[in-house]
Q: 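The structure under discussion is supplied below as structure tokens; questions concerning it will follow.
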2 protein chains.
Amino acid sequence: MDTARRAYRRESEETRRADLVAATQGLVAEGGAEAATVRAIAARAGVTAGLIRHYFQTKDELIRAAYRSLMDDMTAKASAALAGAGALPEERLAAFVAASLRPPVLDIGAVVLWAGYMHKVRSDADLLAVHEAAYLSYRDVLQGLIATLPRTADAAQLRSEAIACNAVIDGLWLEGSILSHSFDKGEIVTIGLRSVGAILGVNLLAHCSMLLDTGKTTA
Amino acid sequence: MDTARRAYRRESEETRRADLVAATQGLVAEGGAEAATVRAIAARAGVTAGLIRHYFQTKDELIRAAYRSLMDDMTAKASAALAGAGALPEERLAAFVAASLRPPVLDIGAVVLWAGYMHKVRSDADLLAVHEAAYLSYRDVLQGLIATLPRTADAAQLRSEAIACNAVIDGLWLEGSILSHSFDKGEIVTIGLRSVGAILGVNLLAHCSMLLDTGKTTA
DNA sequence: GCAGCAATTCTGCAATCGTATAATTGGAGC
DNA sequence: GCTCCAATTATACGATTGCAGAATTGCTGC
């Protein structure tokens with residue numbers, strides 16, 4: 001037998017798509033978008049390149065699916081922190097902010113993965129829509145938490161505040177992930193809570209000292 | 001004459017390098033990193049592809065030069081706004097923040113170029129150093145402006161505040177660039193000034209209404 | 001266990017990539 | 001205006017890319 005074909009198992013469409021998406025994300029996270037070639041993706045997913053076209057009409061379609069998956073997962077992970085939080089509005093907001101600024105959301109791999117898609121987001125209208133939807137989805141959760149605070153605020157003010165809080169979280173997420181070595185443990189979370197609190201005029205740190213993990217008990 | 005060679009002019013090394021860097025940035029800004037092929041870069045710079053290797057040993061070296069140039073330019077453009085500002089600390093800080101949140105600093109091309117190199121920043125120690133230096137350089141300018149405000153603040157507080165203000169500017173810069181269509185004109189600048197003011201406990205909007213350009217006179 | 005279908009592999013192709021190097025030519029110095 | 005060197009063009013090469021279609025094979029229903 002000179003021609004020994006590679007043995008394989010049939011998998012459900014759902015499984016295969018998930019595998020291919022995961023492989024794509026792993027490659028982009030490690031080596032940027034240029035590392036995610038169809039052959040590399042297939043190899044990491046344990047299949048051959050031709051199969052990709054069986055599940056995705058084009059490579060761009062796979063990339064889009066992978067990006068959508070990443071964005072959804074990040075919002076989901078931050079939102080999951082709400083389940084363990086109490087009923088107090090300040091406490092819930094603080095839990096959400098803190099969860100967004102620590103692993104697994106705060107992660108250089110996630111940043112690189114996210115950044116690796118940026119150039120596609122620019123040129124691909126569909127991807128831009130995915131990005132916008134994910135951004136607004138996260139911001140809506142944030143705005144919902146802000147709205148429950150014991151204050152009076154009209155719609156326009158709520159929108160402004162949500163944009164601002166989202167921005168400070170984004171910025172801290174970025175630099176905290178990239179330059180993690182130059183920040184003390186818990187510093188990013190503390191600054192995030194203090195900044196969001198300052199923007200909204202509430203004290204998040206007071207209600208939520210249990211969310212901090214400074215690693216050292218500085219005076 | 002069957003072989004008509006293309007006519008050309010000799011230029012200084014300085015000019016050619018600048019042209020190639022500018023061509024690279026333009027292409028990445030328009031079409032993402034994948035659009036910046038050596039042939040496309042050369043064509044835009046008005047030369048042939050071979051010349052690139054005459055000035056840069058490898059394409060990566062050119063891209064790195066373009067990245068370094070981008071980072072330096074962004075800080076420089078924001079800092080340039082200080083020259084036209086008055087002597088009042090609030091006014092100067094506001095001018096700096098506002099300049100960081102509007103074109104040419106607020107630019108999707110800059111975001112894409114910046115993002116396109118995240119994965120290299122992760123693995124390449126030199127590039128990480130470039131990023132960190134640029135980040136700290138910008139933050140230092142910001143912290144210097146914050147320190148001149150008429151308040152009392154110790155070193156640790158100044159550091160925290162600079163990180164927070166930098167983060168909110170970063171986040172607004174990102175989303176404002178990517179989703180520029182979903183924000184009103186001047187909205188990003190206004191939110192930036194209000195947020196930075198809230199974090200620092202000063203009113204930047206009061207002193208600096210001339211920095212805003214809302215495009216419409218809403219009541 | 002046998003048929004048949006679809007999941008998967010395999011092979012190939014045209015295009016494009018970055019790089020290397022030989023062939024030219026513009027322009028400065030004399 | 002001639003010389004000569006470096007700036008620039010031109011050409012070529014091997015590798016890789018996304019994509020397509022034919023060939024195979026694992027699995028499901030009987």
Q: Nearest heavy atom decides the nucleotide; on that basis, is B/A36 or B/R10 closer to the 5' end of DNA chain C?
A: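 Here B/A36 is the residue nearer the 5' end.
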Q: Which residue, A/T148, A/L193, A/L204, forms the side chain to side chain contact (heavy atoms under 4.5 Å, CB included) with A/L93?
A: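 It is A/L204, the one option of A/T148, A/L193, A/L204 that forms the side chain to side chain contact (heavy atoms under 4.5 Å, CB included) with A/L93.
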Q: Should B/T58 be listed as having a side-chain N or O under 4.0 Å from OP1 or OP2 of C/dT19?
A: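 For C/dT19, OP1 or OP2 has a side-chain N or O of B/T58 closer than 4.0 Å.
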Q: Can you see if the side chain of B/R16 gets near the phosphate of D/dT8 - specifically, an N or O under 4.0 Å from OP1 or OP2?
A: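 True: B/R16 side-chain N/O within range (under 4.0 Å) of D/dT8 OP1/OP2.
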Q: Round to the nearest Å and state the distance from B/K59 atom NZ to D/dT16 atom P.
A: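 In whole Å, D/dT16 P and B/K59 NZ are 16 Å from each other.
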Q: Which atom names give the shortest non-hydrogen contact between A/S182 and B/R159, and what distance separates them?
A: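 Taking A/S182 first and B/R159 second, the nearest heavy atoms are O-NH2, 3.4 Å.
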Q: What integer distance in Å separates B/D19:CG from D/dT8:P?
A: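 Going from B/D19 (CG) to D/dT8 (P), I get 10 Å.
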Q: Less than 4.0 Å between a side-chain N and a carboxylate O, is that true for B/E175 and A/R139?
A: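 Here A/R139 does not pair with B/E175 in a salt bridge, since their nearest N and O are not under 4.0 Å apart.
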Q: Considering heavy-atom distances to DNA chain C, does A/T48 or B/R53 have its closest nucleotide positioned more toward the 5' end?
A: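 Nearest nucleotide further toward 5': that of A/T48.
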Q: Round to a whole Å and report the spacing from CZ of A/R39 to C1' of C/dC13.
A: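 Computing the A/R39:CZ to C/dC13:C1' distance gives 11 Å.
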Q: CG of B/D107 to CD1 of B/I178: how many Å apart, nearest 0.5 Å?
A: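 It is 11.5 Å, given to the nearest 0.5 Å.
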Q: Send over the distance from B/L62 CG to C/dT19 P, rounded to a whole Å.
A: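 Rounding to the nearest Å, CG of B/L62 and P of C/dT19 are 10 Å apart.
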Q: B/Y55 side chain N/O closer than 4.0 Å to the phosphate oxygens (OP1, OP2) of D/dA7?
A: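 The answer is no; no side-chain N or O of B/Y55 sits under 4.0 Å from OP1 or OP2.
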Q: State which of C/dG26, C/dC10, C/dA7 makes the closest approach to the side chain of B/Y8.
A: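 Of all the options, the side chain of B/Y8 is nearest to C/dG26.
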Q: Measure the spacing between CD1 of A/I191 and CD of B/E161 and express it to the nearest 0.5 Å.
A: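 Output value for this atom pair is 10.0 Å.
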Q: In this structure, how many angstroms lie between the P atom of C/dA7 and the CZ atom of A/R17, rounded?
A: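 Those two atoms, CZ and P, are 12 Å apart.
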Q: Quickly work out the B/L51 CG to D/dT11 P distance and round it to whole Å.
A: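 In whole Å, D/dT11 P and B/L51 CG are 16 Å from each other.
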Q: Just the rounded figure in Å: distance from P of C/dG27 to CZ of B/R9.
A: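 Those two atoms, CZ and P, are 7 Å apart.
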Q: Think A/H54 has a side-chain N or O under 4.0 angstrom from the OP1 or OP2 of C/dA7?
A: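 Checking A/H54 against C/dA7: at least one side-chain N or O falls below 4.0 Å of OP1 or OP2.
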Q: At less than 4.0 Å, is any side-chain N or O atom of B/R5 found next to OP1 or OP2 of D/dT9? Yes or no.
A: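 Indeed not, no polar side-chain atom of B/R5 lies that close.
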Q: Measure the distance from CD on A/E11 to P on D/dT28 and round it to the nearest whole Å.
A: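 About 11 Å, once rounded to whole Å.
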